[in-house]
Amino acid sequence: FGVYADFRTYTSLFLLLLSLPTGILYFTVAVTGLSLSVGLSILIIGIPIFLIFIGLIRVLSLAEGRLIEGLIGTRMPRRAPYVIKGVALMERIKIMLKDQRTWTTLLYMVLALPIGIFSFVFAVVSLAVPLALLFAPLGALFGLNDHITIDDATLYSYVGMGGLILCAIAGFILLTLTLHGARLIGRVHGSLAKALLVARDGEA
């Protein structure tokens, strides 16, 4: 039950909820950038657009890395790896295009949407159900869940204090499991981000 006192538990939950809007953003940028780059590849303007797109996803990857490091604690890069003193711009572009991390970063941006949907749904559903059970006695106290009616027909009568206590216990157990699940998903998310966004040698 120490998960309740762990600050990372709540930051992990926040990351799960935040992963949907960020996933939509990353996926939209990745798909739009790729579409424009491929569509304009027959024109000279397609090359600078593609380079701008690659630079943009690198900037987004740094922002995502800082977010994950702050919420999960996974060590992530702190600066762009292509800002090298004494190296010409064209050479930097070549290094960037040859770097495997550039393309794994693009893969991460595409995967961000399904990961975000799963994480958000897990967080919302896994919190709503145990909290509803946990606070069932409080609802009965104020007469909010004495019975359930549909079209004026009573379907469920008051279960009694014993049943409500069992509901509260089940809710507490489910909530505890949810918090552990949030920590686990957060660590998996951080490991995936580190694998796709960070260089193999671990240098920022």
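Keep in mind that this is a model prediction, so the values were computed, not measured.
- Ser12 contributes no side-chain N or O that, together with a main-chain N or O of Arg183, makes up a donor-acceptor pair within less than 3.5 Å.
- Counting only heavy atoms from C-beta outward, the side chains of Leu67 and Ile72 never approach each other to under 4.5 Å.
- The two atoms that bring Pro130 and Thr178 nearest to each other are CG-OG1, 4.1 Å, heavy atoms only.
- The shortest non-hydrogen separation linking Phe120 to Ser19 is N-OG, 4.3 Å.
- Counting all heavy atoms, side chain and backbone alike, Leu107 lies closest to Leu196 at CD2-CD2, 4.4 Å.
- Hydrophobic clustering of Ile, Leu, Val, Met, Phe, Trp and Tyr side chains at less than 4.5 Å, counting indirect connections, keeps Leu174 apart from Leu184.
- Side chain of Ser119 to main chain of Leu16: no donor-acceptor pair is present (N/O by atom type, distance under 3.5 Å, no hydrogens or angles).
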* Should Val29 and Leu56 be marked as a side chain to side chain contact (heavy atoms under 4.5 Å, CB included) after you check the CA-CA gap, both sets of side-chain angles, and the distance that decides it? -> CA-CA 9 Å; Val29 170; Leu56 177 60; 3.7 Å; yes

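- A 4.5 Å side-chain heavy-atom check between Leu106 and Leu34 finds at least one atom pair inside the cut-off.
- Side-chain contact between Glu64 and Tyr26: present, with at least one pair of heavy atoms (C-beta onward) separated by less than 4.5 Å.
- Annotation: the span from Leu71 atom CG to Tyr10 atom OH amounts to 15.0 Å, rounded to 0.5 Å.
- Leu197 contributes atom CG, which lies 10.5 Å from atom CG of Leu60 (distance to the nearest 0.5 angstrom).
- The aromatic rings of Trp103 and Phe50 sit parallel, their planes meeting at an angle under 30°, below the 60° perpendicular limit.
- Thr28 and Ile24 make their closest contact through OG1-O, 2.6 Å (heavy atoms, listed as atom of the first residue, atom of the second, distance).
- Side-chain contact between Ile185 and Leu15: absent, with no pair of heavy atoms (C-beta onward) separated by less than 4.5 Å.
- Using a 4.5 Å cut-off on side-chain heavy atoms (C-beta onward), Ser61 and Met109 make contact.
- The hydrophobic cluster containing Leu177 also contains Ile169, counting ILVMFWY residues as joined when their side-chain heavy atoms lie under 4.5 angstrom apart, directly or transitively.
- Across every non-hydrogen atom of Ile57 and Thr105, the tightest pair is O-CG2, 3.7 Å.
- Clustering ILVMFWY residues whenever any of their side-chain heavy atoms sit less than 4.5 angstrom apart, transitively, puts Leu17 in the very cluster that holds Val125.
- A continuous path of ILVMFWY side-chain contacts below 4.5 Å connects Leu13 to Leu131, so both sit in one hydrophobic cluster.
- Residues Ile115 and Phe14 share a single hydrophobic cluster, defined by chaining ILVMFWY side chains whose heavy atoms lie under 4.5 Å apart.
- Residue pairs meeting the ring-ring contact (aromatic ring centres under 6.0 Å, His included) criterion with at least one partner in residues 169-191, sequence neighbours excluded, are Phe1-Phe172, Tyr4-Phe172.
- In this structure, Leu20 and Val121 have side chains that are not in contact, with every pair of non-hydrogen atoms separated by 4.5 Å or more.
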